[in-house]
Amino acid sequence: MSTAQGDVALLQDPVAQELLGSRQPARLAYTWTDGTPRVVPIWFTWTGQEIVFGSPPRAPKLKALAANGASAVTIDDASAWPYKALLVRGHATVEFLDDVCPEYAQAATRYFGSEQGNAWVSQLRGQPMARVALHPTWAAVLDFETRYPSALSL
């Protein structure tokens with residue numbers, strides 16, 4: 001029996017694992033302080049428990065996430081058919097650090113490669129950074145082969 005859409009066990013699905021380990025940016029959705037929706041592309045690292053982002057400590061999104069941690073993430077690959085997408089909803093927490101978030105350093109290496117990633121992170125060392133961690137409470141996988149958007153399901 002297939003795992004139902006919405007079950008966080010879907011984070012172990014091969015399509016989800018592929019996207020969680022990919023160089024595709026996540027799209028983080030959250031609610032701004034005036035109640036309007038916002039979405040930003042952002043590097044991420046999957047720890048096996050949470051999706052983690054590093055952010056400058058004065059980024060406006062941190063104020064909004066601290067006030068309302070309800071958020072969502074989409075990671076997709078629409079570069080070729082069949083498209084693949086991972087949809088995650090959860091609660092984000094913000095922690096302020098005195099140095100580069102370890103998960104941000106991991107993401108830099110994944111996105112840029114080892115040499116360029118290390119060079120990128122080295123210029124940020126010693127500066128404060130915020131660690132944003134999304135704790136998944138809901139997940140869905142779309143692969144357009146075995147799992148489709150609900151609008152296409154009979």
Side-chain angles (χ1 to χ4, degrees), residues 5-13 15-79 83-144 147 149-151:
Q5 298 284 44
D7 189 332
V8 294
L10 281 172
L11 293 168
Q12 301 308 313
D13 181 273
V15 172
Q17 287 293 300
E18 177 186 333
L19 291 167
L20 288 164
S22 74
R23 289 183 172 172
Q24 299 294 336
R27 284 144 183 102
L28 172 64
Y30 60 95
T31 304
W32 186 244
T33 55
D34 67 1
T36 58
R38 302 287 167 98
V39 179
V40 295
I42 190 168
W43 287 356
F44 71 94
T45 294
W46 169 244
T47 69
Q49 300 293 319
E50 54 194 12
I51 301 171
V52 179
F53 317 96
S55 178
R58 289 197 257 168
K61 68 181 162 286
L62 301 177
K63 178 181 175 184
L65 288 167
N68 179 0
S71 50
V73 166
T74 297
I75 305 164
D76 62 74
D77 184 354
S79 61
Y83 302 147
K84 297 174 186 165
L86 173 63
L87 314 171
V88 179
R89 298 178 199 157
H91 184 81
T93 57
V94 178
E95 176 185 6
F96 292 94
L97 306 176
D98 293 329
D99 201 357
V100 173
C101 170
E103 294 88 353
Y104 181 86
Q106 291 171 357
T109 298
R110 191 171 85 251
Y111 286 98
F112 281 150
S114 183
E115 186 177 334
Q116 187 179 355
N118 288 331
W120 178 263
V121 171
S122 69
Q123 66 185 349
L124 301 174
R125 290 278 176 214
Q127 298 178 47
M129 182 174 275
R131 179 183 187 271
V132 178
L134 181 116
H135 307 274
T137 58
W138 183 95
V141 171
L142 305 175
D143 64 11
F144 292 89
R147 295 180 181 275
S150 60

Spatial distance of atom CD (Q17) from atom CG (L11) [nearest 0.5 Å]
7.5 Å

Determine whether more than 12 heavy atoms belonging to other residues, nucleotides or ligands lie under 6.0 Å from atom CZ of R125.
yes

Could you measure the distance from the CZ atom of R131 to the CZ atom of F53? Nearest 0.5 Å is fine.
11.0 Å

Output all residues satisfying side-chain contact (heavy atoms from CB on, under 4.5 Å) with H135, sequence neighbours left out; order by chain, then residue number.
E50, T93, A133

As an exercise, state the distance from SG of C101 to CD of E95, rounded to the nearest 0.5 Å.
8.0 Å

What closest approach, in Å, do Y30 and S71 show between heavy atoms, and which atom pair accounts for it?
CB-CB, 4.4 Å

If I take atom NZ from residue K84 and atom CG from residue D76, how far apart are they, to the nearest 0.5 angstrom?
12.0 Å

If I compare all heavy atoms of T109 with all of S114, which pair ends up nearest, and what's the gap?
CG2-CA, 3.8 Å

Side chain to side chain contact (heavy atoms under 4.5 Å, CB included) between S22 and D77, intermediate numbers included
CA-CA 9 Å; S22 74; D77 184 354; over 6 Å; no

From CA spacing to verdict: side chain to side chain contact (heavy atoms under 4.5 Å, CB included), L86, E18:
CA-CA 10 Å; L86 173 63; E18 177 186 333; over 6 Å; no

Shortest non-hydrogen contact between V73 and A26, atoms and distance:
CG1-CB, 3.8 Å

For R27 against V39, the heavy-atom pair lying closest together:
CB-CG1, 3.9 Å

May I have the step-by-step check of side chain to side chain contact (heavy atoms under 4.5 Å, CB included) for F44 and L134, ending in yes or no?
CA-CA 10 Å; F44 71 94; L134 181 116; over 6 Å; no

Please check this pair: side chain of D98 against backbone of P128, looking for a donor-acceptor N/O pair closer than 3.5 Å.
no

Parallel, tilted or perpendicular: which describes the rings of Y111 and W43, with under 30° parallel and over 60° perpendicular?
parallel

So which of I42, I51, V52, L62 actually passes side-chain contact (heavy atoms from CB on, under 4.5 Å) with V132?
L62

Can you give me the closest heavy-atom contact between V121 and A105, atom names plus distance?
CG2-CA, 3.7 Å

Of all the heavy-atom pairs spanning S55 and K61, show the shortest one and how long it is.
OG-NZ, 3.4 Å

Rounded distance (nearest 0.5 Å) linking atom CZ of R89 with atom OG1 of T74
9.5 Å

Rounding to 0.5 Å, atoms CG (L20) and OG1 (T47) come to a distance of 10.0 Å

Take atom CD in Q123; do more than 12 heavy atoms of anything else shown fall under 6.0 Å from it?
yes

Any donor and acceptor pair, going by atom type alone, linking the side chain of R110 with main-chain N or O of R23 inside 3.5 Å?
no

Would you say that V141 contacts L19 through its side chain, given a criterion of any heavy-atom pair below 4.5 Å between the two side chains?
no

